[in-house]
Structures are given as C-alpha cells and as structure tokens.
Amino acid sequence: MPREKIDLEQDIEYLSILNEKGEIDEDLEPDMKDDLLLDLHRAMLFGRRFDERMLNLQRGGKMGTFAPIKGQEAAQLGAVACLEDKDWLVPSFRETAAEIWRGKRPKNILLAYAGFSEGGVIPKGINNLPAAIPVGTQTLHAAGIGYGIKFKGKKQVVMTFFGDGATSEGDFHEALNFAGVFNTPTIFVCQNNHWAISINRSRQSKSKTLAQKAIAYGIPGIQVDGNDVLAVYAAAKEAVERARNGEGPTFIECVTYRMSVHTTADDPKRYRSDEEVEKWEKRDPISRFQKYLKRKDLLSDEEIKEIESEIKDEIKKIVKGWEKKKKELEGRVEMFEGTFAELPAYLVEQKEEFESELPEKPEKPEDAKKQEAAEEDEEEAAEEAGEEGDDEDEKAEAEEEPEADEESEE
Amino acid sequence: MPREKIDLEQDIEYLSILNEKGEIDEDLEPDMKDDLLLDLHRAMLFGRRFDERMLNLQRGGKMGTFAPIKGQEAAQLGAVACLEDKDWLVPSFRETAAEIWRGKRPKNILLAYAGFSEGGVIPKGINNLPAAIPVGTQTLHAAGIGYGIKFKGKKQVVMTFFGDGATSEGDFHEALNFAGVFNTPTIFVCQNNHWAISINRSRQSKSKTLAQKAIAYGIPGIQVDGNDVLAVYAAAKEAVERARNGEGPTFIECVTYRMSVHTTADDPKRYRSDEEVEKWEKRDPISRFQKYLKRKDLLSDEEIKEIESEIKDEIKKIVKGWEKKKKELEGRVEMFEGTFAELPAYLVEQKEEFESELPEKPEKPEDAKKQEAAEEDEEEAAEEAGEEGDDEDEKAEAEEEPEADEESEE
Amino acid sequence: MAKLTMVQAINLALHQEMEKDEDVVVLGEDVGIDGGVFRVTDGLIDKFGEERVMDTPLAESGITGFSIGMAIYGLKPVCEMQFSGFGYMAMHQLEAHAARMRARSGGRFHVPMVIRMPYGGGVKALEHHSESREAYWAHTPGLKMVIPSTPRNARALLVSAIRDPDPVVFYEPKSSYRAFREEVPEGEETIPIGQSEIVREGEDLTLISYGAMMRPTLEAAEILEEEDGVQCEVIDLMTISPIDDSKFTESAKKTGRVVLVHEAPRSFGPGAEIIARLVEKSFLYLEAPIRRVTGYDVVIPLFQREFDYLPSAERIMRAARETLDF
Amino acid sequence: MAKLTMVQAINLALHQEMEKDEDVVVLGEDVGIDGGVFRVTDGLIDKFGEERVMDTPLAESGITGFSIGMAIYGLKPVCEMQFSGFGYMAMHQLEAHAARMRARSGGRFHVPMVIRMPYGGGVKALEHHSESREAYWAHTPGLKMVIPSTPRNARALLVSAIRDPDPVVFYEPKSSYRAFREEVPEGEETIPIGQSEIVREGEDLTLISYGAMMRPTLEAAEILEEEDGVQCEVIDLMTISPIDDSKFTESAKKTGRVVLVHEAPRSFGPGAEIIARLVEKSFLYLEAPIRRVTGYDVVIPLFQREFDYLPSAERIMRAARETLDF
Ligand SMILES: Cc1ncc(C[n+]2csc(CCOP(=O)(O)OP(=O)(O)O)c2C)c(N)n1
Ligand SMILES: Cc1ncc(C[n+]2csc(CCOP(=O)(O)OP(=O)(O)O)c2C)c(N)n1
Ligand SMILES: [Mg+2]
Ligand SMILES: [Mg+2]
C-alpha cells in the first residue's frame, strides 16, 4: 500500500550529432556512404532552390497556394534517405523535397499547385501517397499501410510526416495508438518547425517535448536536432531497422524551424519576430551540412557552385516542361472520371449535361489539325534529345508504368 | 551534440492505501471526517443495491439497456466525494452512484433507462451533465466547462469520468491537451475497469499504464488502486485542490474492475474467464472498506444490516414512485419541444401533422375528469406525508428550482 | 437454401468472402472474440484468426483511417462502426480520404473498403443508437451508400460491396437483424450496387422505401389492397447512392402518385432527392403532391416514444389515402 | 454607414457583440494574434485580450467540444473551423452534443454557440478548401444553418446567430469575403434566423439561391431581363435550416416556374429539399419541372477546373430559358 514511482521502462532521448558550427560528435557519426552524403546534399540544395522558384512563380501569379519547406530540408530528407524504394511515404503538405527524393516529379508538383489535378497522378512503382491537407489525418493511413505490410509479410516500412500542430489532432493520437497496439512498421516523423501557422509550439501543448507523447502509446520516442541531417538520419535509421525487424513503430520529433511563410497566403510578421527567424537562420541545415562535407573533403566551394548551377538549369527545364504541359491541359476538363472506378448513371447524365453546356468550339479544319500534330511530335523529339531534367522525369514514368505494386518491392 | 536522456520533470506514481485485507498504510491515510466515511459507505452500498435492482428490472423486461457499476463504487464515489455542490460533474454512462451522490434522483435514472426522456431532466442547482454515451466525447465538455469557471473567476472545479476504452478516442487526447494548454480546473478520472466491452485493457493501448498518458500533455498523472476508496479520495482530493488553486488539470487512472456485464445486452462469458472475475471479487471495494470502518469502530455488522435494510426500503419506494410516474407519462408524447428554444415553423407543421395522426381519444365526460383530478390530489398528499424516499426527491427538486446557476456556487 | 435471419445472412457473406479472398479483413470494436455486439461477425475469428478479424482500440476515426491505409495497400477491409450514431467520428476520414483517394492520386490508389454500420430505431436502444442519417453519406461524392432490407438482399449486397473497388457505406437495419427469416441460397449471389427493385407491382400508387421501413411499407400496401382495393407498386431502393431513379420514375409515370417512406429526419433527407428526381423526370405524369412519411426533424426521442417517431403502416396508409384522394 | 467588405462586416459584428456581451468568446485556430487566416477576427485580441479571443491547439473536435462545454457553463462561444472542409472532424460533437444538449438535459442546459466556417469555391484554394456541404448540418435536427450572401446580411445574421440560444452553424462564402462592398449601418441590425428574402421581384420565373451563388443568380436575372425581357423573382434563403419555405412557395404559385442554384453537390443536396417543399406546397401551380443548377456529384476539382464545376450565370440562364420554354 505504497505511494511510489512507476517505472515506465522507457526514456525519451535527445540526439544531436552535427552542431551549428559544423562540429561533430564522432562517436555518434552515422555510417553513411560518401555518395549518399553527396546525394543528400544535392537534394537539400535542390529542395531549397525549387522552393524559392515556386515562391517566385506563386508571387508572379502563376501558381496557387503552397507550403514552403525552407529550413526543413534536413528534417525531411534525412528521414526519407533511410527508406528503400519499396517502402512507403505518407506525406503531409510540406514535404516537397522528400517527395522528390522518393520519385515524385517536380513538374507534377508544380502542376498540382497550379490547380491541375493531373499533377496528382502517382505513377506505379512509386509508393508515395498524395500530399494530405487535412492536418494529422494521414498518420492513420500510415498505420494502416503498416498493417498491410505486416499482413503480407513484406520487408517494407512506411514513414509518415506531419507537423507540431498535427500532434494536437485526435487522429494523431489514434494513429500512434493503433500502430502501437498492432505493432506496425510505421515511422512517425514530426517536423516540429515551431509554428502551426501563427500558433507557437509552446501553445500547442503543455508537454515539454513532443517526443514524450510516445510514452502515451508505449512506443519508442526520440527528439532530434531536425536541422542536423546526420542526427535525423541516425534516428530514422534506427527506427527503420526496428520496423523492418518487426519491432514496431517509432515516433521521431525533429526540432526544426519554418524559415519562410506558412503558406504563400500567410504573413508571419503578424505573429513572430525577425530576430527569431534570424536566430534560426544561423542554424540553417544546409550550410551546416556543407561545412561537414567540406571538412570531410567531399565537397569544395567550387563544387557547390557547380551543383547550384546544375540545379538552376534543371529547375529551368522543369518549369519549361511545366509551362508546356499547362498549355496542353488548358481547356481540357476531366472532372467526372476520377470519382469512381465506373461512372454511375447519374454521373453519366451530369457529364452529358455538362458537356452540352460547354461553349461550342468551332471545328478546326483538317489541315490545321495535322499541322498541330506535327508540331507536337517535333517538340517531343526535341525534349527527348535535349531537355534532360524534364526528360528524365518522362522516362522514369515510362519505366515505372508496367511494374506492378507487388514487384516494386525488389 | 550528445545523445542524452531528457528530464521530463514529471513522474507517474502509483497510490494504494487500503489493501484487500483491510490493512492500511497509516502514513497515507487521508484526513476524512467520520460522517464522510459513513456517507461514502452508505453511498457505495446503495450504489451496489440499486444496480442490482436495476439489473433485476431490466431482466424482467421493465427497463432498457443500462451499464452496471458493480465493482466500481469506490472509483467513482471516492472521486466525487471530493467535490462541493457548486462543482461540476461530467459523467460517462457508468456513474450511477456518482450521479446520485451529486443529487441526481434515482427515480429519474430509472425513468431514463426505461426510455422516458423525462428522466433526463436535470434540476437547476445540480451541476451534473447528462450521461454521455458517445465514448470519450464528454471529456471535452469538461475542459470547456473548466475554462468557463476560470473565465468567470469562480472557485469551482469540474470532474469528468470515462473508461479505459475512452482513452483511445481522439476526443480524449484533444480534451487533455486543451485542458493542459488552457490550464483548466478539470479532473479527468479514468475508471480503468479492464474492459471496454470485450476488449481488454492490454489491447486498448501498448502503454504500460494509462496514467502515463498524462505525460503527453505535460499534466500530472497518477495511477491509484480504484477499489480502494481511500486512495481514490486522496488522489482526487489533491487534484481538486490543485484545480481550485488555479494549478490546472490532473489525470487520475483508477484501476478497478467491471464485475458485472458491460451492459445488459452483453455476455461476458464470450471473452473473459470466471477465474478473472473471482480474482477481482476478492478485491471488492465495499467489503474492504467495511473492514476498515469496523476496525475504526465506526461500523458494526449490526449497523451494516440496518443500513442494508434501510436501503432496501428506500429502493422499494423509488421503484414504486417510478412505476407511478411511468403510468402518468404513458401516452404523453412530447418529442417536438426539446430540440430548440422555440419551435420553428416547419416543426409546428410537423407537430400538427403528428397530432392529427394520433388515434382520436373520445372526450371524457366532465364528471370523470373531476373525479380524476381529485384522485391525483389525494395521491400527492399521501406521497408528501409518507413516502419518504421519493418525497425527498420531489422536495429537492422543488427547492432547487428557483436557484440560479450563479447562486448555486455558495 | 436455409432460412436465415439478416444477422446470419450477413455473417454468411463475410464467411464466404473471407474464404474466397484472403485480402478481406474484418475490423472494429468487439468484432473478434465477442463476434460483434449483434453477433454479425460471430465465428469469424475462430476461422480466420486474429490477423484477419481484428479487435481494435475504441476509436472510430482510427478504425476508418487505418482501414483506408490497408485498402490503399491492397487489402479489402470491412470495418464496423458499432452503431451508425458513432460513425460521424469517422466522417472526415471518409469524406477527405476514402471518397477522394482515387481522384487525388490520379487513379493510382483506390479504397476498396466497406464500412458497416447498424442503423435505425425500433430496438429500444440507448440514446445515440437509433439514428438514420444515410443522407450524410449519400451526399458525399465518392462514397456509395447501400441499405439492405431483407436477409437475402443483405447478403447479396454485402458481397457486391466487398468486391466494389470503391468505398461503400453499408447501413444495416438493426431492427430487421432478427425480426424475420428468409431463404438465402448457400451458393454465391450478388446484387449490383446502384440498382433498385420493384418488390410489388401495382397501378395506382407508388410507394418508395428501403431498409427497415420496407416492412411497414409493404404492410401498408397489403392493407391498402385488402381494405381499399388499391394496387400499390412498391420499390426498394437498396442503394441510396448512386441512386437508381430508373424504376421509380417509370413507376410514377404509370401511377402518377407517390408516397415515400424513410425513418431519417424529413428535411434535407433522402426523400427530398427522390422527389427532386421525380420532378425532373416524371413531372408531366404526377397527379398529386408527393408525400413524405418520415422521422420528424427533432432529436429522436428515447425508446418509449420512438414508435411515435418512426413511420408506421398507419402513417403510410394515411398518406397513401390522401395522395390517392388528391 | 460605411461601405464594408463581408470580412469587415463580420468583424464589425464580432466587435460589437463582444463589446455588448462579455460572455461572447471567440476561439479557433489562428483567430487571435493572426486575426484569422482571412482576417475576419482582426483586431479582436487587441481589444478583448487572450481570454476572450483564444488561439487554440489545432483540433477541430477539440475546439467544438470545448466550446460546447463553455456554452453549457454560460459563455457564448463563437468558434471557427478554419475551413468548412475540416468541420467534419467536429461533426460528432455537433450532432451528438451541441444539437442535443437541450433535449438531453430536459431543458436545463443549452448550447448557445456559433460555429463559423468559411465555405465554398472560387478562391483558387488548395484541396479540401472549396467544399459546400451545408446539407450535412441542415439535415441535423437541433442545429441551425445560416449562410449570408452580402456584407450587410452577414453582419446582421451573425448578430442574430450569436444571440440565438441554440447552436448555429454559420457558413461564410469565402469567395464573397472581399469581392464587393456594401453599406453597413454602424448601429445594431439583426435579421431573424429562419427568414428568407425576396431580393428581386418578378412574375415569370423564381430563382432560389443563397450564399456565394446569389451573385451569378442575380447576374442571370439581370441578363434575362435585358435579353429576354423575362422578370425573375429572386429569393435569398439566408437560413438553410430551419428553412423558410413561405416565400419561395408563394413565389412559385405566382410564377409556376422555378430554378434553384447552389454550389453543393446536387444529389441529396439542399436543392432537393426546396423541390420537395415546392411539391408539397405549390404542386398545383407548377408549370415546369424545377431545374437544379448545382455543383456536380464528383470530387470538386482543383482550382483550374473549379469554374467548370461551379454554377455560373450562363448555366443558370440556360436552365432558366429551358424552364421558361417548357
Ligand atoms: C484539419 C485541419 N485543420 C486546419 C487546417 C488548416 N491548416 C493548414 S496547415 C495548418 C497548420 C499546421 O501546422 P503543423 O502541423 O505544425 O504543420 P506545418 O504547417 O508547420 O508544417 C493549419 C491550421 C488543415 N489543413 N487541416
Ligand atoms: C464513440 C463510441 N463508440 C462506440 C460505442 C459503443 N460502446 C459503448 S461502451 C463501449 C466500451 C467503453 O469502454 P470503456 O471506455 O472502457 O468504458 P466502460 O464501458 O468499461 O465503462 C463501447 C465500445 C460508444 N458508445 N461510443
Ligand atoms: Mg509546424
Ligand atoms: Mg472499461
């Protein structure tokens, strides 16, 4: 009949490996191939530049609302870098760089944010779910996919992303609880970027860390420096290995910072100080990682410049390909097809009604049609020959198409 | 750049004061007046017997489905015993004894479970919410009421009850989080009775305790022996004091056991063993408490018998009053009034339609009417004179009626 | 052919589909060891094990979102909301994801899941256990909404729902669970989703209903024949969405008079859509206003008064007679 | 009188009601320091402080259930769902508690709260930001459902909603937030909930709409007058539930021809109820089928195609002409 402390049999740890000055804790340095380090660096840089370009396009009125990733490149890329192709990604709406790493075509990202549903197409063989806007809801899908994996006895894992704000949603709670109870191979990665629009992390929950929420579900939880790509990678690697070995889910809190606007519709000046942003600029994940790579002699300033310039060209091509695609899609309205596998009678009727109401376009004379077709062929040929960035995308899609889901695991 | 344990600045404790053999940890014995101890004992016994009677009535086809409390008398009464009248109770559907302690009329409980909405009426001055059937949803109301209290600067607290199963619901999560963030005077009491219908606590969550879920919200959490009314009282008392002093919410897990069926529609033989039930019968909260009271010389076997017999009579009267009330209500259909403060036009139409469809009753001759009225008067007079149990109820209601909410605090 | 209750018939469908397709998984609160609070999933766990018959934590959004994930991955979850009155907790998962995943992923992913929910009044249940809100789901693009009325069509429709590549909300009229038996063939039987049925032919008046209300509707039709010599054509919708308006609009052209019956609240209820379609497609044939015999637009009362709330054969007959006299 | 946008007008209502009644509390995601993502709550926190203008954690059910508790205790919460597409997360709280607390407690408790939600398409928003599902709420007994169409009626209706003793779901047409200005009196103005308005008189055809669709509807009415010499009577419902059918059924008796317009999906949508009431109450006067110009029953497309989805003046005119020619 005592009053005594209960041993909860689990601790919450904090992990940081590479600090703001580029110094490293060598004991903790993860074992990563040089190629992987360089690929990660390139992806982080690409993520940053693509983000900037998107912001630009949006400000220029060419694109709708989107959520920039600036500052969170390490948190998302360090984590997905632990995944294999056969694994699954369940993103929220702020994982552009992670989605691209996992095979999403940048052109499609632009298309989707320009309001074309066609941008949402996910090719076969790429196991990414579409971006999820309703905060927190996707975490349950990751738990369920994890169960599917277990059920089918596959050696896959599933990783889901969400923000600090999402941890307040009931779905987050239910997802972690289900994952715990059914011991699914699900890695829950919280990008705690300190803000949920205008709500600071401190007002989202009274808990000291978000990582400790794992205790509520009896699953491992860890807090990492989310601007330290090595720490994120190391923590995610552990979690992925546990999951792949049938040891169940993990919750990772990446402490990072949203250096830009919430979305392009947001004005952060209303709720946070410039000083805070400046403080975090000093903790930038990219410059920190570059210092590390330079120390390791894997990267020089010269090379960084080269990569920057390659990325610039690549993005240019992507944007060009996107502009072209947009033109192609203009006037095409296919809104009736996607809702069901087969159109039910009433949708056939509505479609007919819709089409009968379209302004009638005058039939083009045959000659003009032929001319257009020829031009299109030419353009495609030119693309295949020269425009690498976009072209790779097209090829990738073509390759993926025939692969079945099951086969994609190999 | 370390990997180190985070100090979460909070522990989860287990509290037990009075054990199954009636032995007590004197250091922990709460300071409770004799009267309170005896009142609690009587309420626990009344709860048990009333429960039995309800089961009986249900089995006899006189009542609909309900959820017995057997075994959980200490968990709920120990907790509400810490409340003052001005405080608020937000129950789930298994707090019959607690609701009665807080002034709910047993006759109304019977009425509601017999399918009469009239049983749901809550008199002014009694700050109990109606029983909440949708699991976990009511916890949010308790958080909101807590905010109301804080907002108005009152010295009230609000206590809400729910089961182990409820901790899996998103609303539970959101409620504890809101209560934490807004530091509301809310006491969350989980009656972990080991079962959510057929689902054992162990399959509800992978967490070692439910109490540790408090860590997710940075609020105090404690696990107590829920069959030990002293421990429940002590833990609740602490929580109530904190809340009243503006120190915010607490989560209390009472480890108890549902000794009976989930509801009268349930057959526990399908999912649990008799041995398990027998094991818990030995931990019965009432016999344990009686041993304690006897040791303290507050209660004798003789007195227990007397109380039992009083309770029996009381329940008899309640049931009689209920039967009478049911008869009064028969044929009365008032389903249009409760939905809005004022009937909108379309409900007036529907009501007229409904009434026009009622089988027409032949008008009674004047004489018969007068006769009936006279009889009714007589009955009421008789009631007031003799039938104490039910009469007290009526008086209570009459007294409460004029009091305003504001005033009820005194 | 055995005479089965609806509970047994649904149970049969689950047994057979799980046997046939090992991707079919059943999950929900108490569906495993307890066999479901209505025993609909009785025996499944013994036969198919815990991996395919999953007792879940108590969380409706959880069950639904988890099922969506399973379905995206390639399983065919049949999940249960213990009562339809708790299904609203899963509404955002169904609306935002189950109903849209096909569109959102450009066809790559789809959500072949069934969400079973016992619905409706008439069993003296507790508060929140008697609702009939099929209109919520029927109004949600991307969801199908099915309500059987007899053991045989319950079985056949559930088989179709499980095989459907898109999410199907499957409301089970709990007051019909054990109310009567019907011959149900042992061998496979399906009824296409999106198809209504004329269950009684007639020339004078069209009665449209579905689910538990088919019984008072048919009862009314019989009495009307006996007492008034009126021939009612009775239509069982079976699928609420995508609604099959072909039969009832044709029937109305023949009879010119229509009464419809549902226990859901009247305003903005399923009946309104039926009327809208009748006006759109049978306008010139309508000889009388279309009457709705429905639940009232109030909080459904506790069980002592629920039969005052629910449509009865008497209420239907009265509306029918008024429509015929118009 | 100042010319205000709808955002400003709603903001004015909030300012004035908060000033007048200190039990009025505003809460939601980003409603405080940020002033709301649409700036509807701009300036409130400076004036009334954090206790009355509460930035909450990100949880819609939480916001709603918390508000229900506050309302039961005696406050008058005006809570915001950031977009109506996320309001479904709160559906169970609204359905099971806000809408029923009065009935469940025998009148002791009631829930005087307003749930504000920006709804509808036309602002090039992201997925899940363009829905129009007022029918869900309108079909829920115990809830009131209001949708203003102009700055002035938005302000007046919101004041009434805040003062209403029962829960009101208040949909704000976000495409009208800043689209135009209107004179709004500084002094108090209310419009009773449950009252529709004839905003244009006419003899030939009745057009019924509400919210953002009032603008294309009125545009169509004007063009029809100019081009066809047709006099349309245009009705703004303003309250969806309890729906005021008095004006539109009277109007239909006069014109005999009705077209109705909403951006919600057609099937089981609000328009069906209007048709049902017209058939019930104006049957003998109807000279043509009632046409529904609505969103289609599909997942609403991303913004490049949303104007193909949304009703336009052209679509309305076409339906009107066909109805007139019938
Ligand atoms: C359920 C839901 N509620 C509200 C919104 C509007 N909203 C979009 S993002 C956001 C903040 C999300 O914060 P967080 O989870 O921290 O992610 P971050 O934006 O910081 O990446 C809000 C409130 C939404 N998309 N979904
Ligand atoms: C949201 C919701 N889902 C399902 C149910 C059906 N149901 C009633 S009680 C219950 C189990 C509750 O378990 P627990 O929370 O442990 O409380 P207990 O019954 O043990 O007191 C279930 C599943 C419900 N009432 N509400
Ligand atoms: Mg964030
Ligand atoms: Mg329990």
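Chain letters run A, B, ... following the sequence lines, proteins first, then strands; residues in each count from 1.
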*Side chain, backbone, both or neither: which part of A:A143 has a non-hydrogen atom closer than 4.5 Å to chain C?*
both
*Listed by residue number, which members of residues 13-28 of chain C have a heavy atom under 4.5 Å from any heavy atom of chain A?*
C:E22, C:D23, C:V25
*Quick one: of C:A59, C:G106, C:G74, C:G69, who has the most non-hydrogen atom pairs under 4.5 Å with chain A?*
C:G69
_For A:F151 and C:Y73: C-alpha separation, side-chain torsions, deciding distance, then whether ring-ring contact (aromatic ring centres under 6.0 Å, His included) applies._
CA-CA 10 Å; A:F151 186 86; C:Y73 189 78; 9.3 Å; no
*Would you please go through residues 90-98 of chain C and name the residues with a non-hydrogen atom below 4.5 Å from one of chain A, in numerical order?*
C:H92, C:Q93, C:A96, C:H97
*Could you check if a side-chain atom of A:P130 sits within less than 4.5 angstrom of a side-chain atom of C:M101, using non-hydrogen atoms only?*
yes
_Structural part of C:R277 lying under 4.5 Å from a heavy atom of chain A_ = side chain
*Between C:Q195 and chain A, which part of the residue has a heavy atom less than 4.5 Å away: side chain, backbone, both or neither?*
neither
*Side chain proximity check, A:Y147 to C:M54, heavy atoms < 4.5 angstrom*: yes
*Roughly how far, to the nearest 0.5 Å, is CZ of A:F182 from CD of C:E50?*
9.0 Å
*pair A:F340-C:P141: side-chain heavy atoms closer than 4.5 Å*: no
_Donor-acceptor contact below 3.5 Å, side chain A:D171 vs main chain C:S61_ = no
*Below 4.5 Å, heavy atoms only, C-beta onward: do C:L75 and A:K152 meet side chain to side chain?*
yes
*Go through the steps to decide whether C:R108 and A:N128 satisfy the test side chain to side chain donor-acceptor pair (under 3.5 Å), and finish with yes or no.*
CA-CA 10 Å; C:R108 165 68 192 286; A:N128 296 357; over 6 Å; no
*Tell me, yes or no, whether the heavy-atom count around A:E342 atom CD, taken from other residues, nucleotides or ligands under 6.0 Å, exceeds 12.*
no
*chain A: which of C:D245, C:L143, C:T64, C:I193 shares the most heavy-atom pairs with it under 4.5 Å?*
C:L143
*Can you say whether A:E169 sits under 4.5 Å from chain C via the side chain, the backbone, both, or neither, judging by heavy atoms?*
neither
*At a heavy-atom separation under 4.5 Å, does A:A132 approach chain C through its side chain, its backbone, both, or neither?*
both
*List the steps, then state whether side chain to side chain contact (heavy atoms under 4.5 Å, CB included) holds for A:Y346 with C:D244.*
CA-CA 8 Å; A:Y346 72 98; C:D244 171 15; over 6 Å; no
*chain A heavy atoms under 4.5 Å from C:P57: which part of the residue, side chain, backbone, both or neither?*
both
*Indicate yes or no: at least one non-hydrogen side-chain atom of A:L129 is less than 4.5 angstrom from one of C:I72.*
yes
_C:Y285 atom OH: more than 12 heavy-atom contacts under 6.0 Å_ = no
*Below 4.5 Å from any heavy atom of chain A, which atoms of C:S67 appear? Answer side chain, backbone, both or neither.*
neither
*Which region of A:T139, side chain (C-beta onward) or backbone (N, CA, C, O), has a non-hydrogen atom less than 4.5 Å from a non-hydrogen atom of chain C, or is it both or neither?*
neither
_Heavy-atom proximity to chain A below 4.5 Å, by part of C:S241_ = side chain
*chain C contact via A:S117 - side chain, backbone, both or neither, heavy atoms under 4.5 Å*: neither
*Select one option (side chain, backbone, both, neither) describing which atoms of A:A175 are under 4.5 Å from chain C's heavy atoms.*
neither
